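Just so you know, these numbers come straight off a predicted model, no measurement behind them.
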Amino acid sequence: MKAAIYTQYGPPEVVSLQEVDTPTPKIREVLIRVHATTVNRTDSAIRNADNLLTRLFSGPLKPRFKTLGNEFAGEVEAVGPEVTSLRIGDKVFGYNDTRFGAHAEYMTMRENGAITTLPAGLSYQEAAPITEGAHYALSNIRAARIKKGQRVLVNGATGGIGSAAVQLIKYLGAEVTAVCSTPYMELVRSLGADEVIDYTTTDFTALDQTFDVVFDAVGKSSFDQCKQLLTENGIYLSTELGRNSENILLALTTPLLGGKKVLFPIPSINQDDVKFFKELIEQKKYKPVIDRTYPLEQIVEAYRYVETGQKIGNVVITLSAQE
């Protein structure tokens, strides 16, 4: 099968297409013929491996996972022993950030992992970007216990995480103030934002308003900058470690002090979460934003674009097996 392989950490150019053996599903695993996947911040961070925490996970000197790709949508091609919940021919989507492997024509997945059947009416290309940004957003939303009636500010509302966060927070009934650039204000409003702030003309950290939660979905602010925006017991969330990894330290200390605090949850996803996203899509409460689509043969170009920091929503990769 054809797969995007990298054997050393570095820029997008370390990735190349190669012919490798098709995996065989083991006990309680299924073999998926991948029709669409994505390139996202997680893939780029693992491939670059420019910090110690990443290398502890992905391999200290060289990559443990030679084929990246955590999101996928495809068709069950074969099933291993003792598989009961999925059948050959099932159309599925999901997420795998423990072994990756979606940047290839075939991948294996445990049947009880973060996988379920496609939402009704969605193509593989539309289904592939459902999980990555949404599960990061959901992990932060759950940690902050965002609920109906609260006021939440989302910075970076056009990214994969931010665009999902706006929709999920609105689903919960909270009021959303979203921050983005001028060309995308209408897009963000269409996602459900109650108020949209153009960061090219307004510094959101200087707003004369307070919020129960400030969620920086692009990690470009800090707790110190946003503290004045928080209510007495307000919560600051960020998707990045912060300067000198300060967000981890602050998440360990500020909850002990009372009042305003930083939370830095470890993101997780399971099958129930994927089924939840499927239900929201079928209820038309959530839809991943797609920016660009590339064929697998142009995956290096896709990485380059993602790493400009200018992508809107998600970048999808299609494979030759598209139907």
Short side-chain donor-acceptor distance under 3.5 Å, D198 and T200: yes

Looking at every heavy atom in both D291 and Q310, which two are closest together, and how far apart are they? OD2-O, 4.3 Å

Would the distance check show the side chain of R151 and the main-chain N or O of T210 forming a donor-acceptor pair, the cut-off being under 3.5 Å? yes

How long is the gap from NZ on K311 to CG on N40, to the nearest 0.5 Å? 7.0 Å

Is F204 isolated, or which residues cluster with it under the ILVMFWY side-chain rule of less than 4.5 Å, directly or via members? L153, V179, I197, Y199, L207, F211, V214, F223, L229, L230, Y236, L250, V262

Assess the side chains of N233 and T231: does a donor N or O sit below 3.5 Å from an acceptor N or O? no

Basic-acidic side-chain contact under 4.0 Å: K2, E105: no

Contacts of type ring-ring contact (aromatic ring centres under 6.0 Å, His included), residue Y136, not counting sequence neighbours: none

Do NZ/NE/NH1/NH2 and the carboxylate oxygens of E132 and R41 come within less than 4.0 Å? no

Tell me, please, whether Y303 has R47 positioned over its six-membered ring: NZ or CZ under 6.0 Å from the ring centre and within 45 degrees of its axis? yes

Would you call D273 and R142 a salt bridge, taking side-chain N to carboxylate O under 4.0 Å as the test? yes

Any salt bridge between E279 and K285, counting N to O under 4.0 Å? no

Is the closest side-chain donor-acceptor distance between T318 and T293 under 3.5 Å? no

Please find the pair of heavy atoms, one from P63 and one from Y9, that lie closest to each other, and give the distance. CA-OH, 3.5 Å

Please confirm whether F65 and F57 have ring centers closer than 6.0 angstrom. yes

Heavy-atom nearest pair, I146 first then A174, reads CG2-CB, 3.9 Å

